[in-house]
J.: 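Got a structure for you, written out below as structure tokens; questions coming shortly.
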Amino acid sequence: LHDALPILILSVNIRKRIESEKKLKENYIALEKSKETLEKGRQKYKLVVDGSNDAIWEWDIKEDKFFMSNKLNIIKRSSIYTNIDENKRYFSKIIKEEDYKNIIEKFKEILYKNQNYINVECKILDKFKCENWFNIKGKALRDSEGNVIKIAGSITDITDRKKSIKKIEDLAYNDSLTGLPNRAAYLRDIDNIIQNVKKDNKIGAIIFLDIDNFKNVNDTLGHDYGNELLKKVNKRISNI
């Protein structure tokens with residue numbers, strides 16, 4: 001019995017060692033699977049970010065860190081703002097002041113007034129100081145107590161859409177020859193002007209301008225000369 005005891009202890013130790021190695025191997029396999037799953041998740045997230053036409057942003061409230069995908073540099077047609085590992089103050093560098101104040105108010109509503117969404121349009125200057133229109137959207141992520149943890153969203157270039165809308169409005173409300181507001185624009189605006197004059201107890205006047213014998217210009221010199229005359233009159237009116 002005395003001689004068999006060391007063999008018994010050795011056998012138990014070997015068994016424990018085998019079990020430990022087995023558990024270690026199982027833990028290693030589980031860890032590798034977790035790494036693989038995590039890597040797939042990262043690749044999928046990167047694919048979504050890189051494949052999107054929009055810039056993706058995220059503001060970590062607790063850490064006060066700000067992330068912006070580099071797609072913003074593409075849609076801004078600019079690479080001058082490269083240091084974007086900051087908080088929401090990053091927006092102040094690229095957004096026109098009046099629009100920036102509006103965005104900050106929207107952030108405050110999320111942080112202090114239980115709002116969950118931000119959706120604003122603003123003007124961003126590119127490296128040539130040209131204005132471009134962007135739509136900033138975002139949603140808040142809250143903890144179980146209702147505190148905001150993160151706000152994340154996207155920035156979309158809507159410059160072309162804004163230009164199209166403006167072009168349609170210009171065609172509808174401005175004379176194609178002179179660029180002056182037309183009759184439709186006058187009827188659209190005059191009522192508001194009159195109401196504001198009444199409200200403020202002011203006195204106003206409407207002035208009608210006409211060009212004497214304009215028909216004679218068209219009849220004797222032709223419509224091309226008549227158009228040129230209208231342009232010259234428009235220029236003089238605009239100068240004063």
Side-chain angles (χ1 to χ4, degrees), residues 52-55 71-81 91-106 117-138 153-200 202-240:
S52 173
N53 289 326
D54 303 339
K71 191 61 67 74
L72 181 65
N73 288 331
I74 297 173
I75 61 179
K76 282 199 318 91
R77 307 166 188 89
S78 167
S79 58
I80 56 176
Y81 303 111
F91 284 124
S92 67
K93 295 180 179 181
I94 60 174
I95 298 174
K96 296 198 72 175
E97 185 178 359
E98 63 269 22
D99 292 331
Y100 174 68
K101 290 179 180 178
N102 182 35
I103 289 172
I104 294 304
E105 288 302 315
K106 297 298 181 182
Y117 296 92
I118 178 173
N119 186 357
V120 294
E121 294 181 353
C122 62
K123 293 181 285 294
I124 294 180
L125 299 176
D126 64 16
K127 62 182 177 181
F128 304 109
K129 302 299 180 183
C130 295
E131 289 184 355
N132 296 284
W133 278 93
F134 288 83
N135 181 208
I136 299 178
K137 292 182 179 180
S154 62
I155 300 183
T156 308
D157 188 342
I158 57 172
T159 304
D160 290 340
R161 176 161 64 85
K162 283 290 185 178
K163 286 181 178 178
S164 297
I165 292 173
K166 188 177 186 306
K167 188 174 182 180
I168 291 171
E169 289 180 347
D170 287 344
L171 290 172
Y173 295 111
N174 290 280
D175 179 68
S176 59
L177 179 66
T178 64
L180 289 173
N182 60 18
R183 182 180 180 85
Y186 168 78
L187 295 174
R188 178 194 63 183
D189 297 336
I190 192 64
D191 186 60
N192 289 332
I193 295 172
I194 292 173
Q195 294 305 320
N196 289 332
V197 167
K198 286 182 177 180
K199 184 176 67 176
D200 297 333
K202 294 180 178 179
I203 298 175
I206 296 174
I207 302 174
F208 289 90
L209 299 180
D210 198 5
I211 301 175
D212 288 343
N213 303 315
F214 179 69
K215 185 176 182 299
N216 292 341
V217 176
N218 282 332
D219 291 344
T220 58
L221 299 176
H223 287 278
D224 288 341
Y225 280 93
N227 289 343
E228 287 302 315
L229 177 59
L230 289 176
K231 290 178 183 177
K232 295 294 183 182
V233 172
N234 168 46
K235 186 176 181 180
R236 293 194 181 189
I237 293 174
S238 298
N239 286 340
I240 60 173

J.: To the nearest 0.5 Å, what is the distance between CD1 on I118 and CG on N102?
T.: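 Going from the CD1 atom of I118 to the CG atom of N102 covers 8.0 Å.
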
J.: Using side-chain hydrogen bond (donor to acceptor under 3.5 Å, both in side chains) as the criterion, list what pairs up with N119, not counting sequence neighbours.
T.: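 Testing N119 for side-chain hydrogen bond (donor to acceptor under 3.5 Å, both in side chains), a comparison that skips the adjacent residues, returns N135.
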
J.: Please round to the nearest 0.5 Å and tell me the distance separating atom NZ of K232 and atom CD1 of I237.
T.: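 So the gap between those two atoms works out to 14.0 Å.
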
J.: Only distances under 3.5 Å count here; give the side-chain donor-acceptor pairs of residues 181-191 to other protein atoms, sequence neighbours excluded, each with its distance to 0.1 Å.
T.:
| unit_1 | atom_1 | unit_2 | atom_2 | d |
| --- | --- | --- | --- | --- |
| N182 | OD1 | A184 | N | 3.1 |
| N182 | OD1 | A185 | N | 3.0 |
| N182 | ND2 | A172 | O | 3.0 |

J.: Any side-chain heavy atom of L229 within less than 4.5 Å of one from Y225?
T.: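 The answer is no, as the side chains (C-beta and beyond) never meet within the 4.5 Å cut-off.
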
J.: Roughly how far apart are E121 CD and F134 CZ, rounded to 0.5 Å?
T.: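 If I round to the nearest 0.5 Å, the distance is 12.0 Å.
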
J.: If every non-hydrogen atom of N218 is compared with every non-hydrogen atom of G226, which pair is closest and at what distance?
T.: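 What the structure gives for the nearest pair is OD1-CA, 3.4 Å.
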
J.: Are K231 and E228 ion-paired here, with the side-chain N under 4.0 Å from a carboxylate O?
T.: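 Salt bridge flag = yes for E228 with K231.
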
J.: Donor-acceptor pair, distance only, cut-off 3.5 Å: does the side chain of D175 make one with the backbone of T178?
T.: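 Yes: the side chain of D175 pairs with the backbone of T178.
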
J.: Taking all non-hydrogen atoms of both residues into account, name the closest pair between N174 and G179 and its distance.
T.: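 Closest heavy-atom pair between N174 and G179: OD1-O, 3.2 Å.
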
J.: Compare all side-chain heavy atoms of R236 with those of I240 and state whether any distance is below 4.5 angstrom.
T.: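 Side-chain contact under 4.5 Å: no.
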
J.: What is the distance from atom NZ of K199 to atom CG of N192, rounded to the nearest 0.5 Å?
T.: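 It comes to 10.0 Å.
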
J.: Could you grab the distance from atom NZ of K162 to atom CG of N132, nearest 0.5 Å is fine?
T.: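 Spacing of NZ (K162) from CG (N132) equals 13.0 Å.
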
J.: Within the supplied structure, the quantity of interest is the number of heavy atoms (other residues, nucleotides, ligands) at a distance under 6.0 Å from Y117 OH; does it exceed 12?
T.: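 No.
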
J.: Using a 3.5 Å distance criterion without hydrogens, assess whether the side chain of N234 forms a donor-acceptor pair with backbone atoms of L230.
T.: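 Judged by distance alone, no pair lies under 3.5 Å.
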
J.: Just jot down the side chain to side chain contact (heavy atoms under 4.5 Å, CB included) partners of K163, sequence neighbours excluded, or say none.
T.: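 For K163, the residues satisfying side chain to side chain contact (heavy atoms under 4.5 Å, CB included) (neighbours in sequence not counted) are T159.
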
J.: Once rounded to the nearest 0.5 Å, what's the spacing between atom CD1 of I165 and atom CD1 of I158?
T.: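 It is 8.0 Å, given to the nearest 0.5 Å.
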
J.: Tell me whether K137 at atom NZ has more than 12 heavy atoms from other residues, nucleotides or ligands lying less than 6.0 Å away.
T.: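 Incorrect, the count does not exceed 12.
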
